[in-house]
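Predicted model, so just to flag it, every value in this text is computed and none were measured.
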Amino acid sequence: MKILHSFLCFIALTTIGFSQSKPKENLVIDNGVSEQLAIFRKHQISDVTYGLSFEIPQQKQQEINSNLILNLSIADLSEPLYLDFKVKTQNIKSIQVNSKSTGIVHEKGHIVIAAKDLILGKNTVVISFIAGDLSLNRNDDFLYTLLVPDRASTLFPCLDQPNIKATYKLSMTVPKDWTVLAGAKVKEKIEKGDFASYTFGESDKMSTYLFSFVAGKFKTITQKPENREMTMLYRENNAEKIKTSTDTIFNLHQQALDFLEKYTNYPFPFQKLDFASIPVFQYGGMEHVGAIQYRESTLFLDNSATDSEKLDRAKLIAHETSHMWFGDLVTMKWFDDVWMKEVFANFMADKIMNPIFPKVNHNLQFLTAHYPNAYAEDRSLGTHPIKQNLANLKDAGSLYGAIIYNKAPIMMRQLEASMGAAAFQKGIEKYIKKYANDNADWNNLVEILDAETPLDMQKWSAVWVNKSGRAIFTDKIEYDTKKQIKNFEISQQAEDKSANVWPQIFDIGLVYPDHVKVINVTIKDKNLLVKQAIGLAKPVAVIYNYNGFGYGVFPLDGNTTKTVLTLKDEVARASTYINIYENTLTGTIAPDKAFDCFVKGIQQEENELVLKIITNQTNAVFWKFLTEKQQTKAQKQLEDVLYERLQANLPSNIKKTLFNLFSSIAYSDSGKAKLYAIWNKEKVITGLKLNEDDYTNMAMNLAIFKHEKADEILNKTRTTIANPDKQKRFEFLLPSLSKDELVRDAFVKSLKEDENREKESWVSVGLANIHHPLRQESAQKYIRLSLDLVTEIQQTGDIFFPKDWLNNTVGKYSSKYAFDEVQRFLKENPNFSPILKRKLLQATDGLYRAQNIKKETE
């Protein structure tokens, strides 16, 4: 049966229509781009081309003189033309409309061009202005733009909404020893004294958030994997990393392109595919058309890199390359569907990994990459549906998070399994072809997929896409006198106690002494009788979600924590460890019991991805959920277990994973002595490969652990860092590592000023140092300051920074004091942004749960 008409109506009600017809009510202009303004402008405007020129001076404090020549067609003069420009009015020098000067009217972040100055049809608007600085990430000798989701209007006047695509003609004047990169190829370069002027060709069509340029002192390298020329800009100066990584970086882009062209049956859609590696980049990467930007530390790896780090790099490259089709070629109409581009980028990246890493278990990789992160937000009081409502683009940054990056791919994998892989792929082909160089929403995709399957997806999609939360599963298993299963029922209840039911597919493993009987189940309603189990002998243990495919919290039987160690299937092991952790947070299993289970896993696990899950969960339970008495006992046990295992004959990637946990908890006197000996290269652990970054991290940990030689360690580290960008980072972090509380006070107070928060990834590390669990007695006084700054952080920071800020301040705590501070803050700020409150509740989920868990333990 096809999707019911009522379902399409339901989806339509939750999706902005962007009708081509003019809205009847008068426009109300406010800050940001409202839904109403976006709909009207889509009706009013077409055929947009931006001619942009920027004059970049030598000093980053100097203003950037700029010019815009905007060509566009106008179909409706019942309202003025509203251009978005979120800067000070004095940044606007002059405006000409159709060759005539006009007065500057700048209100609530919009330049207003009066209808009397415009004509129906083609118009030209010329604006001389000083470029806005908010999203022009300026450093001493390089800069880069980052304009997602609505930040183009903080740089230049534009129509900053995703469904008004345009082409760009860019010219830049920069210091002559700088290199430039943008979305089109350089047509001409002219040197003038100490500067060079670059003129780029006309770009492909793109949304404003995808426009970009990079300029500065970068080295460049060009390669031609399979005859497609690509150029990379980079600042890395470590010869080993450059030699080890460069060919791999280019080849990974080509492998991703090859897969995507074949999967979508659509050739690479843009003029070029270049990329820039940036040391201080806020995200892992950003999919700018023809000019992807990456965080340098993710791309450049050396011989000490683990398989997991190599896989993360490959997935990042595949993710950003996938966006060329999913997001750049076909773009969402409105940012409430931003999840669509992210789900496809992650979903395709997971598929691309299969041939590149043939030895990796890709079901395991999918499980470990997505499930813990999705659960971390979906279990919190700040959870939200995959598809969220968005009234104004100024709030679009709040939509990003683990729900769209991690839960959405889980949803999509369930959809593919329900439809069948071939039918799903055929639908995607049609979707790309139909909406190429255009915009589409979830409803458009549903209509196409609907034609490829007989399934009724109404019930399925309504809960997976439009509802929040997850299922808590329970079971009822009964045995007869012969110890055979006579009844096996499973039930699901939404964690938020709503009536939501998640139709899904997963496996149950019945573990026997000599084999595992795997039963595949499809649950469509609240209850399911597992008929395949009736009559089977009583198993040693029942392992739910054996294939890591299901989504929710599954039952544990009395033997699960013992049985997980014996499971040969690595996906089943990882899934079970994740489930044990989630049951700890829901109160089903005591933290010390979970901790003991994880420590046993650490002692024998030999798969890096599974071990990474165990070590991450061990770290979380240790710092957040053990009582002080339990923690004192557990620290020495864990430290000894890790150090002993580091002496064993194990692969280097396993040792690196073990060492990362050891370095983070070795704060006893004996632990510090061992860590110092490794840092000072007095002790060499056979098979453990460490690089400069590892030694820097050790130095920071030793300072936080109050090693007696902390000052000497930090000073030596500062002088041995060879990369100037990394040296600046370390110098920025030094006050956060100081043993002097007054110095740490000054560091925290300095973050009140926006200019001191520009390097967001640095700030996040500095805050983590300040609020480390071992320092919280002196740091808790900063909690309220951190909460009071969050609103400003959202206004001035990039999309992930408010959550990172909260994660690395109040999110580090499990104490009653911190819990009370959050409650007091919320009570005293009844009008606190609902969007930011959601981020706060996500960041403090562990804090909230710790109150109940520790109370029960005590």
Side-chain angles (χ1 to χ4, degrees), residues 283-284 312 339 342-343 346 365-386 388 398-411 464 467-472 494-496 502 545 548 550-554 574-589 591 594 598 609-610 612-625 764 767-768 771 773 799-814 818-819 822 835-853:
Y283 317 151
D312 287 345
W339 68 274
E342 298 304 337
V343 69
N346 263 347
Q365 186 273 324
F366 188 98
L367 174 75
T368 58
H370 297 303
Y371 280 73
N373 291 331
Y375 288 157
E377 289 191 3
D378 217 12
R379 77 166 92 90
S380 77
L381 295 173
T383 186
H384 57 79
I386 291 174
Q388 302 165 75
S398 68
L399 304 183
Y400 289 80
I403 300 295
I404 69 169
Y405 281 101
N406 296 293
K407 184 180 180 180
I410 294 167
M411 174 277 292
W464 273 104
K467 300 291 184 183
S468 62
R470 59 183 184 170
I472 305 290
E495 193 166 18
D496 62 5
W502 286 265
N545 203 21
Y551 187 79
V553 183
F554 295 88
S575 177
T576 305
Y577 281 122
I578 291 169
N579 197 38
I580 291 168
Y581 180 72
E582 293 303 318
N583 273 275
T584 306
L585 269 59
T586 58
T588 306
I589 182 172
F598 297 154
L609 293 177
V610 182
K612 194 174 177 184
I613 286 289
I614 303 172
T615 55
N616 286 345
Q617 294 179 173
T618 304
N619 195 53
V621 171
F622 176 80
W623 290 114
K624 276 257 171 77
F625 304 117
S764 294
L767 289 170
H771 294 278
I799 54 179
F800 297 113
F801 194 40
K803 178 75 181 304
D804 285 346
W805 176 276
L806 290 166
N807 281 343
N808 289 297
T809 54
V810 66
K812 289 285 182 185
Y813 289 78
S814 60
F819 178 78
V822 174
I835 291 164
L836 290 177
K837 183 178 180 181
R838 192 167 68 207
K839 299 290 182 192
L840 175 59
L841 292 172
Q842 291 170 1
T844 56
D845 180 63
L847 171 63
Y848 275 57
R849 290 176 185 272
Q851 306 315 301
N852 292 328
I853 291 171

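Side chains of Gln617 and Ile578 form a contact here, defined as non-hydrogen atoms less than 4.5 Å apart. Inter-residue side-chain proximity for Val553 and Tyr375 is flagged as unmet; no heavy-atom pair is nearer than 4.5 Å. At least one side-chain heavy atom of Phe598 sits under 4.5 Å from a side-chain heavy atom of Ile580.
Residues Tyr581 and Asn616 have side chains that never bring a donor and an acceptor to within less than 3.5 angstrom of each other.
Closest heavy-atom contact between Ala594 and Thr584: CB-OG1, 3.3 Å. Between Leu367 and Ser575, the closest heavy-atom pair is CD2-N, 3.5 Å. Of all the heavy atoms in Trp339 and Ala408, the pair that sits closest is CE3-CB, 4.2 Å. Shown here for Ser468 and Pro385, the closest heavy-atom pair between the two residues is CB-N, 3.6 Å. Summarising the geometry of Pro773 relative to Trp623, their closest heavy-atom pair is CB-CE3, 3.3 Å, with the distance given to 0.1 Å. Here the closest non-hydrogen pair linking Asn579 and Gly552 is OD1-O, 4.5 Å.
Sequence neighbours left out, the pairs with a member in residues 575-584 that pass salt bridge (Lys or Arg N to Asp or Glu O under 4.0 Å) are Arg379-Glu582, Arg470-Glu582.
Atom CG in Asp496 sits 8.5 Å away from atom OG1 in Thr383 (nearest 0.5 Å). Here the CD1-CD1 distance, from Ile853 to Ile589, works out to 11.5 Å after rounding to the nearest 0.5 Å. Ser380 contributes atom OG, which lies 12.5 Å from atom CG of Leu847 (distance to the nearest 0.5 angstrom). Taking CG of Leu399 as the reference point, atom CD of Glu342 lies at 11.0 Å (rounded to 0.5 Å). Within the model, atoms CG of Asn619 and NZ of Lys624 stand 9.5 Å from one another, a figure rounded to the nearest 0.5 Å. Taking CG of Leu381 as the start and CZ of Arg838 as the end, the distance is 13.0 Å to the nearest 0.5 Å.
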Would Lys612 and Thr368 count as a side chain to side chain contact (heavy atoms under 4.5 Å, CB included) here? Give the steps. CA-CA 9 Å; Lys612 194 174 177 184; Thr368 58; over 6 Å; no

Under the side chain to side chain contact (heavy atoms under 4.5 Å, CB included) rule, what do Phe819 and Thr844 come out as? Steps first, then yes or no, please. CA-CA 8 Å; Phe819 178 78; Thr844 56; over 6 Å; no

Evaluate Val810 against Val822 for side chain to side chain contact (heavy atoms under 4.5 Å, CB included), listing each step before the verdict. CA-CA 8 Å; Val810 66; Val822 174; 3.5 Å; yes

Give the C-alpha distance, both sets of side-chain angles, the deciding distance and a yes or no for side chain to side chain contact (heavy atoms under 4.5 Å, CB included) between Asp378 and Tyr551. CA-CA 11 Å; Asp378 217 12; Tyr551 187 79; 2.8 Å; yes

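Side-chain atoms of Gln842 come within 3.5 Å of backbone atoms of Gly382 as a donor-acceptor pair (strictly under, hydrogens ignored). For Lys407 (side chain) and Ile386 (main-chain N/O), no donor-acceptor pair under 3.5 Å exists by modelled atom type. Asn583 places no side-chain N or O within donor-acceptor distance of the main-chain N or O of Thr588, the cut-off being under 3.5 Å.
Annotation: side chain to side chain donor-acceptor pair (under 3.5 Å) contacts of Asp804 (sequence neighbours excluded): none. Qualifying side chain to side chain donor-acceptor pair (under 3.5 Å) partners for Glu377, counting only residues two or more places apart in sequence or in other chains: Lys803.
Between Tyr371 and Phe366, the ring-plane angle classifies as perpendicular under the 30° and 60° cut-offs.
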